[in-house]
Amino acid sequence: MTASASEPEDAADPGRPSRAPYDLVVVGAGSAGLAGAVAAAELGLSVALLDASAQPGGQFYRHPAPALGAQRPEALHHHWSAFAELRRRLESSGAHHLTGHHVWSVIKETDGTWTAHALTGTDGDADAPVRVRARALLLATGAYERQLPFPGWTLPGVVGAGGAQAMLKSGLALPGRSIVVAGSGPLLLAVASSLASAGARVPAVVEAAGYLRYGRTPRALVTNPGKAVEALVHSAALVRHRVPVRLRRAVTEVHGTDRVEAVTVSRLDREWRPVRGTGRRIACDALAVGHGLVPQIELAVAVGCATRALPDGTLGLALDDLQESSVPGLWAAGETGGVGGAELARTEGELAGRAIAARLLGRPARAEATAGLRRRRDRMRAFADVMSAAHAPGPGWTGWLTDDTDVCRCEEVPAGRVREAVAECGARDARTVKLLTRAGMGWCQGRMCGTAVACLVAAGGAPEPPAERRPFAVPVAVDAGRTRRAAAGTGSGVRRPD
């Protein structure tokens, strides 16, 4: 069941209801959130599935709005049938899919229940914020792209690799006619093959890492043959469209005045330092670039959930065998525990949904089903860790940066000012750099520049993990915070429809 609007709270004592209207609230309607919501609802729980988008599917299964009249929305997706089945089950499960809900904070109440605070509307700009209350919470908030800056990366025509794919999947649009795809990670192959199949010219796929590291862990490869099949499908598409793949190389400069006109691609050494004299210019009118994904864990970290360091230097949530976090009553699934793809996310979501239902209904989960899900999860998580390590940025990438290259786009802080804060002002961590330069104080709150600042502070050593403890997960108007600060506030809310 899908709902686009929220019902008002009961007039009597709106801030502290006597009962939680839902058994479970799920934040995020991507692969993990859909699987978790469906599994829990089919086992008898009342479920609210909150998502900022108007359609389910998350980033992986983005698809055009019906108004665009796409004849075959599945054409740009792998495993579309798995998503279609989850969507069908969601519609018949009784779970309430609340669209246009941008969750900016979650709170554990004194009675052990959870309150999710959300802004509503397409851009979170509806008049009244809402609160959704439940006995348990499942976070399936996904991930966002990691960007490493380089000269010219702020020119129009430079987009995230995932952003280019999102434009194509949801808007049937291309960021340019001739698009270089660059960065690191298997997402690049998928993006390049999609763009080429849609009619774009892709002069090159530029991969900063190599693929030899996968061979060091043959067990992870052998036990996950589906990943090899995916790679072959994308590679075949690139061969068919005559797209060359350049390994151990990176885009180290973008050229143009009003928009992208060309890029310089340089060969890298093992530490990702550009090799002098190897730069080659490639003409293009767009660049799709990304260096992996960062788990989106702000909501969980804000309530004290423990994290673990991932092989690529990012942080994921520390979860037990049934996907529960270190904070009792809060489960997580999908990219929040480490980036691993849609199939892993679905598996973790179903495992979490079953575990939550067993806890709330006071009966043991089906041991056979749970054991099978755990084995599948562990197998795919092992591959995800191999993938994460293989594409981790090398410390030498900061050699791409000139002193006048903007690192923080929001506050227009160049690399030279960050280096000055470290060398002359004694900054030893990203927080001190932030206080001295304003890097990370802008609209994105460090999501775009956090990695770069941490690496510049480390000066070739191991960078500190990114700081994910933010009070708000999305930008919030000042008056919207009143319902969070006052437990007995008078804001709008959500209850389970009769």
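A quick note: this is a predicted structure, and the numbers were derived from the prediction, not measured. By convention here, the first residue in the shown sequence is residue 1.
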Worksheet entry | Test side chain to side chain contact (heavy atoms under 4.5 Å, CB included) applied to C284 and V202, V260, I179, the passing residue | V260
Worksheet entry | P295 and its side chain to side chain contact (heavy atoms under 4.5 Å, CB included) partner, picked from T141, T314, L315 | T314
Worksheet item: Does any pair with a residue in residues 175-192 pass side chain to side chain donor-acceptor pair (under 3.5 Å), and if so which ones, sequence neighbours excluded?
Response: S178-R201, S184-E207, S184-H391
Item to complete: Start with the C-alpha gap between E343 and R376, add the side-chain angles, then the distance that decides, and say whether salt bridge (Lys or Arg N to Asp or Glu O under 4.0 Å) holds.
Response: CA-CA 10 Å; E343 186 180 357; R376 194 187 318 162; 5.7 Å; no
Item to complete: Could you tell me how the ring of W272 sits relative to the ring of W400: parallel (under 30°), tilted (30 to 60°) or perpendicular (over 60°)?
Response: parallel
Practice prompt. Please examine the side chains of I297 and C305, heavy atoms only from C-beta on, and report whether any two atoms are closer than 4.5 Å.
Written response: no
Discussion item. Looking only at side-chain N and O atoms, does T405 offer a donor or acceptor that is under 3.5 Å from a partner on T402?
Written reply: yes
Worksheet entry | R431 atom CZ: more than 12 heavy-atom contacts under 6.0 Å | no
Response to the item:
Here the gap from H117 atom NE2 to L299 atom CG, rounded to the nearest 0.5 Å, amounts to 11.5 Å
Worksheet entry | Passing option when S170 is tested against Q59, R62, Q165, Q55 for side chain to side chain contact (heavy atoms under 4.5 Å, CB included) | R62
Worksheet item: Any donor-acceptor pair under 3.5 Å linking the side chain of D320 with the backbone of L322?
Response: yes
Worksheet item: Does the S235 side chain pair with the main chain of A231, one donor and one acceptor, at a distance under 3.5 Å?
Response: yes
Item to complete: Please examine the side chains of V251 and V289, heavy atoms only from C-beta on, and report whether any two atoms are closer than 4.5 Å.
Response: no
Worksheet item: For D258, does the CG atom have more than 12 heavy-atom neighbours from other residues, nucleotides or ligands under 6.0 Å away?
Response: no
Worksheet entry | Heavy-atom neighbours of R87 CZ exceed 12 at 6.0 Å | yes
Discussion item. Is it true that D385 and S388 share a donor-acceptor pair across their side chains at a distance under 3.5 Å?
Written reply: no
Worksheet item: Would the number of heavy atoms belonging to other residues, nucleotides or ligands and lying under 6.0 Å from CZ of R308 be above 12?
Response: yes
Discussion item. Does E85, at its CD atom, have more than 12 non-hydrogen atoms belonging to other residues, nucleotides or ligands within less than 6.0 Å?
Written reply: yes
